[in-house]
Amino acid sequence: MDLLDNLNPAQRAAVGAPPGAILVVAGPGSGKTRVLTHRIAYLISAMHVSPWHIMAVTFTNKAAREMEHRIEQLLDGRPQGLLMGTFHAICARILRREVDNLTHYQRDFVIFDTADQLQVVKHVLAELNIDNKKFPPGKMLNGISSAKNDLISPAEYTATNYVSEVTRRVYERYQLTLQANNAMDFDDLLMNTVLLFDERPDVLAKYQERYRHILVDEFQDTNATQYRLLRQLAGEQNSIFAVGDSDQSIYKWRGADYRNIQNFYRDFPQSQTILLEQNYRSTQVILDAAIEVIRRNRDHIPKKLFTERPGGSKIIIREAYNESDEAATVVNTIESLMLQGYNGNAFAVMYRTNAQSRAIEEAFVQAGIPYRLVGATQFYQRREIKDIIAYLRLVHNPLDAVSFNRVINTPMRGIGQQTQTQFAAWAAALELQPGEALVRLATDPDVQHPFNGRAYSALYAFGGLFAGWLALRDRVSVGDLLDAILEQTNYRAYLEDGTEEGEERWANVMELRSVAEIGGDIALSDFLEQVALVAETDNLDHEAQAPTLLTLHAAKGLEFPIVFITGLEEGLLPHSRSMDSEDELAEERRLFYVGLTRARDAVYLSHAFRRTSWGDSSVAVPSRFLADIPEEFIDGQRPSARRRESIDRASTWDTGRKSWNNNQARQQTAWGDHERRSPARPEQARPAESRLPEPYSRTEEPRADRPANPNFKTGQKVRHGKFGEGTVIESKITGSDEEVTVAFPGIGIKRLAASIAGLEAVG
DNA sequence: ACCCCTGCTGTTTTT
DNA sequence: CAGCAGGGGT
């Protein structure tokens, strides 16, 4: 077995290390996924550990799938019994199995997402008579979440001021409400697992016995609860293999604490540390620039990162006039690099906040280049999708009052606010959750109730439907259950109001249905769990030939030949909310570091002279992080030197360049073509950077004629070379091209430019 | 019971 | 410039 052959000495030391506590400090691009997968394969094939005894925790579901796939290749087959997934997914599975040992939960508990949590908090605030203006639900939720991340129960929560005293009360009630709903939020999945293990050493022993080898990816982003869980599972006997890099810790706001790396030394004194310092990804220039940035952080521990890719093109920094100019410049540059032969998927455009994606998207649409957007309006957050999931969840778990409230009068069936309030009071008097009470009303002829003719018949009718679905639940597939619900609620008629938006919404529902269908015989509980725990980055496939737009956070763990980081301005990166604390500032710098180190060949940094944030536009100051990059790694002038010039030019810029609809945007500058050009066709753009490495093979597709009317219609079935068959959700003419939004079952919603995507109609 | 209008608010990152 | 809560009108 030559599992150790293709590794460098440090990697080999990690992969072949004897069992025990091992901490791998892995710099960016140092092959940590390689080390993890080889370690698992090595355990199985060389050390004869049964896959059954291995648990591997990853940061995203996608990382888990990828690793599983690579291990399969290494071992020539799928290891049976290997547990791999995110902390959340693994905990959900454990809790599902141990549900009989949980004090406050019963089988079929559901997972509440952020929107559901907000509903609960609002409800609690109302119950407690707390002004939701003075105590915004979101803030309360943050307080609750950080308590849970630190494993602090409501009883242990100590209030130091009035706000935290209110938080404590809300937390207490919130937790009781979740339990009454038989629901857990994301944090509960972790916390309840830890609490279960604390209370039930026998249960913990079972898992310790089973999972003798624990591997953790992205260890620097574990929070206190997760770390505690790892320690519990590791116990005195088991092996723990943690891989992380404190310089890439960017989830402090979510409770992550990279000091867990120090805790690891403390709690596992026998541990062995292995440093992975060779970078296989970036050029020397990029790596050096990144090191210069990160070493400015006070608590940064210097590493000796090196690469065998000397030189490389310098980092290009450009100032744009405003965000649309910036976006157009990015897109222009991508366009000319594509003409040089780069594939679309070589590019990533990164930004600090999701809101920034909009200007960039518009520039892509304008240029007729398809792109992939990570995050933003998530499919599962759409109203209609949440409605349908609420129906399914309520049928799965009739105790779920949040879902109940969502569907009780959706579509409208004459159960108004008045009736709902009355109903809630009645259910409370019976000590039933609303779903239970409704079933009682519809099935128990002797039950006492206060409802009169009109309200009663509406409630009775809906209760009848609901009872029917409950009876159906265990007998039919998720898809069939969904169909029954859709049909009996007339949901389609409710959505289709004749507008395009209505059509789109129905198409989304059909897309959800196809997700259920693809799962085959998937159980309702598994379906709901899957839907609750998916992350947007999970669906990122590198096959699509399009640039990727994503936040710096979402970029973690990924790599691209060419990386654009936009909005390098004070207040954005570093973000304004982080500027008055050194800790948070350090995290912003790490975020920038993560972005830089995603790049293989080239980095483009940009900032705007003016930026429009909600409402009006104001002059932006270039980010302090730009000054961290030494002159020798930069192509062009540093922002401070160009400051004067840009102010001089502001008066020229300020005329007639604001509109997106005229063709101005496409005539604006690309990088490497620094001065403004007179109107020219984009094809004439000069190559952005002549020192770029060898381009990839050219795969330019001929563009179709610009359509005057859409060739595609909502609801139409189409086929795409990479994504397969899908349903058109929307199609519209934008500027020079037709923009088609298509739902591909199992892949997701893609927005495509018809001329480039090569869509064909099916059927 | 439902619709529409207004005026207010709050805007980081996500499993 | 959202998205939403609350109020007033139908």
Side-chain angles (χ1 to χ4, degrees), chain A residues 57-64 85-92 111-115 117-119 122 125-126 131-134 136-139 141-142 145-146 148-149 184-191 218 221-223 225-226 249-256 350-359 374-378 380-381 383 408-421 454-455 458 497 529-538 550-556 567 571-579 584 587-588 590-592 594-595 612-617:
Chain A
V57 191
T58 59
F59 197 71
T60 62
N61 296 302
K62 186 197 168 218
T86 61
F87 272 108
H88 296 271
I90 287 174
C91 287
I111 299 167
F112 273 6
D113 68 14
T114 315
Q117 297 180 55
L118 268 179
Q119 290 307 310
K122 284 178 189 167
L125 289 175
D131 184 356
N132 63 5
K133 294 275 174 354
K134 283 205 196 91
K139 295 266 157 59
L141 215 44
N142 282 341
S145 180
S146 34
K148 289 183 178 182
N149 287 330
M184 295 190 196
D185 64 22
F186 291 130
D187 303 318
D188 283 336
L189 293 173
L190 308 174
M191 190 174 73
E218 309 281 12
D221 279 324
T222 49
N223 63 34
T225 305
Q226 291 166 335
S249 164
I250 54 174
Y251 284 94
K252 185 183 156 84
W253 53 274
R254 206 166 87 187
M350 302 177 186
Y351 34 81
R352 177 66 234 266
T353 67
N354 275 311
Q356 290 168 256
S357 75
R358 223 173 116 170
V374 180
T377 344
Q378 277 138 357
Y380 290 106
Q381 280 172 211
R383 247 198 306 282
I408 179 67
N409 202 30
T410 309
M412 284 169 299
R413 50 177 72 89
I415 304 173
Q417 196 51 59
Q418 201 69 28
T419 311
Q420 285 180 44
T421 310
R454 212 173 157 76
D497 51 1
E529 190 165 304
Q530 186 186 312
V531 157
L533 296 176
V534 286
E536 200 66 14
T537 31
D538 291 348
L550 74 182
T551 62
L552 287 161
H553 282 90
K556 177 160 118 155
L572 220 41
L573 185 65
H575 195 270
S576 52
R577 308 269 277 227
S578 319
M579 295 214 298
E584 289 176 69
E587 177 141 320
E588 297 286 305
R590 290 194 293 270
L591 202 46
F592 184 41
V594 166
T612 314
S613 37
W614 71 98
D616 42 21
S617 103

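Heavy atoms only: backbone and side chains are in, while hydrogens, waters and symmetry mates are out. Predicted, not measured: the structure shown is a model, and the values here were computed from it.
Not counting sequence neighbours, the partners of A/Glu587 by the salt bridge (charged side-chain N to carboxylate O under 4.0 Å, His left out) test are A/Arg590. The side-chain contact (heavy atoms from CB on, under 4.5 Å) test applied to A/Pro411 returns A/Tyr391, A/Arg413, A/Thr489, A/Tyr491, A/Tyr494, not counting sequence neighbours. By the ring-ring contact (aromatic ring centres under 6.0 Å, His included) test, A/Tyr251 pairs with A/Phe59, A/Trp253, A/His553, sequence neighbours left out. Under the side-chain contact (heavy atoms from CB on, under 4.5 Å) criterion, A/Gln119 pairs with A/Lys122, A/Val402, not counting sequence neighbours. Residues meeting the side-chain contact (heavy atoms from CB on, under 4.5 Å) test with A/Asn149, sequence neighbours left out: A/Ser145, A/Asp187, A/Asn223. Taking A/Ala64 as the reference, A/Thr58, A/Met84 meet the side-chain contact (heavy atoms from CB on, under 4.5 Å) condition, with sequence neighbours excluded. Checked against ring-ring contact (aromatic ring centres under 6.0 Å, His included), A/Phe592 has the following partners two or more places apart in sequence or in another chain: A/Phe625.
The distance from atom CG of A/Leu190 to atom C1' of B/dT14 is 13 Å, rounded to the nearest whole Å. Rounded to a whole Å, the CG atom of A/Asp185 is 11 Å from the C1' atom of B/dT15. Spacing between atom CD of A/Gln117 and atom P of B/dT15 amounts to 13 Å, rounded to whole angstrom units. Counting to the nearest Å, the P atom of B/dT12 and the NZ atom of A/Lys252 are 18 Å from each other. Atoms CG (A/Asp221) and P (B/dT15) sit 12 Å apart, rounded to a whole Å. Straight-line distance from the CG atom of A/Asp188 to the C1' atom of B/dT15: 13 Å, rounded to whole Å. We find that CZ of A/Arg352 is positioned 9 Å from P of B/dT14, with the value rounded to whole Å. One atom, CD of A/Glu584, and another, C1' of B/dT12, lie 10 Å apart when rounded to the nearest Å.
Not a single donor-acceptor pair under 3.5 Å links the side chain of A/Asn142 to the backbone N or O of A/Lys139.
Aromatic stacking is not marked for A/Tyr251 over B/dT14, as the cut-offs of 5.5 Å for the centres and 30° for the planes do not both hold. Judged by ring centres under 5.5 Å apart and planes tilted less than 30 degrees, A/His553 fails to stack against the six-membered base ring of B/dT13.
With hydrogens and angles left out, the side chain of A/Arg254 and the base of B/dT13 share no donor-acceptor pair within 3.5 Å. Between the base of B/dT12 and the side chain of A/Trp253 there is no donor-acceptor pair shorter than 3.5 Å. For a distance-only test at 3.5 Å, the side chain of A/His88 qualifies as a donor-acceptor partner of the base of B/dT15.
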**Asked** Taking protein heavy atoms under 4.0 Å as touching, what does nucleotides 1-7 of chain B look like 5' to 3' if B marks base contact, S marks sugar-phosphate-only contact and - marks none?
**Response** SSS----

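Ionic pairing of A/Glu584 and A/Arg577 is not present here: no N-O contact between side-chain nitrogen and carboxylate oxygen is shorter than 4.0 angstrom.
Nearest nucleotide to the A/Thr86 side chain, out of B/dT15, B/dT12, B/dT13: B/dT15. Of the candidates B/dT14, B/dT15, B/dT12, B/dT14 carries the atom nearest the A/Ala554 side chain, counting heavy atoms from C-beta on.
A residue-by-residue look at A/Asp187 and A/Lys139 shows that A/Lys139 has its nearest nucleotide of DNA chain B further toward the 5' end. Heavy-atom distances to DNA chain B give each of A/Phe87 and A/Pro136 a nearest nucleotide, and the one nearer the 5′ end belongs to A/Pro136.
Note on A/Thr114: every side-chain N or O is 4.0 Å or more away from OP1 and OP2 of B/dT15. One finds no side-chain N or O of A/Asn149 lying less than 4.0 angstrom from the OP1 or OP2 phosphate oxygen of B/dT15.
The shortest distance between side-chain heavy atoms of A/Glu588 and A/Arg352 falls below 4.5 Å.
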For nucleotides 4-8 of chain C, print each protein N/O atom paired with a nucleotide N/O atom at under 3.5 Å, atom names and distance only.
residue, atom, partner, partner atom, Å
C/dA5, OP1, A/Lys122, NZ, 2.9

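Residue contacts for A/Arg590: at a heavy-atom cut-off of 4.0 Å it reaches no nucleic acid atom on any strand shown.
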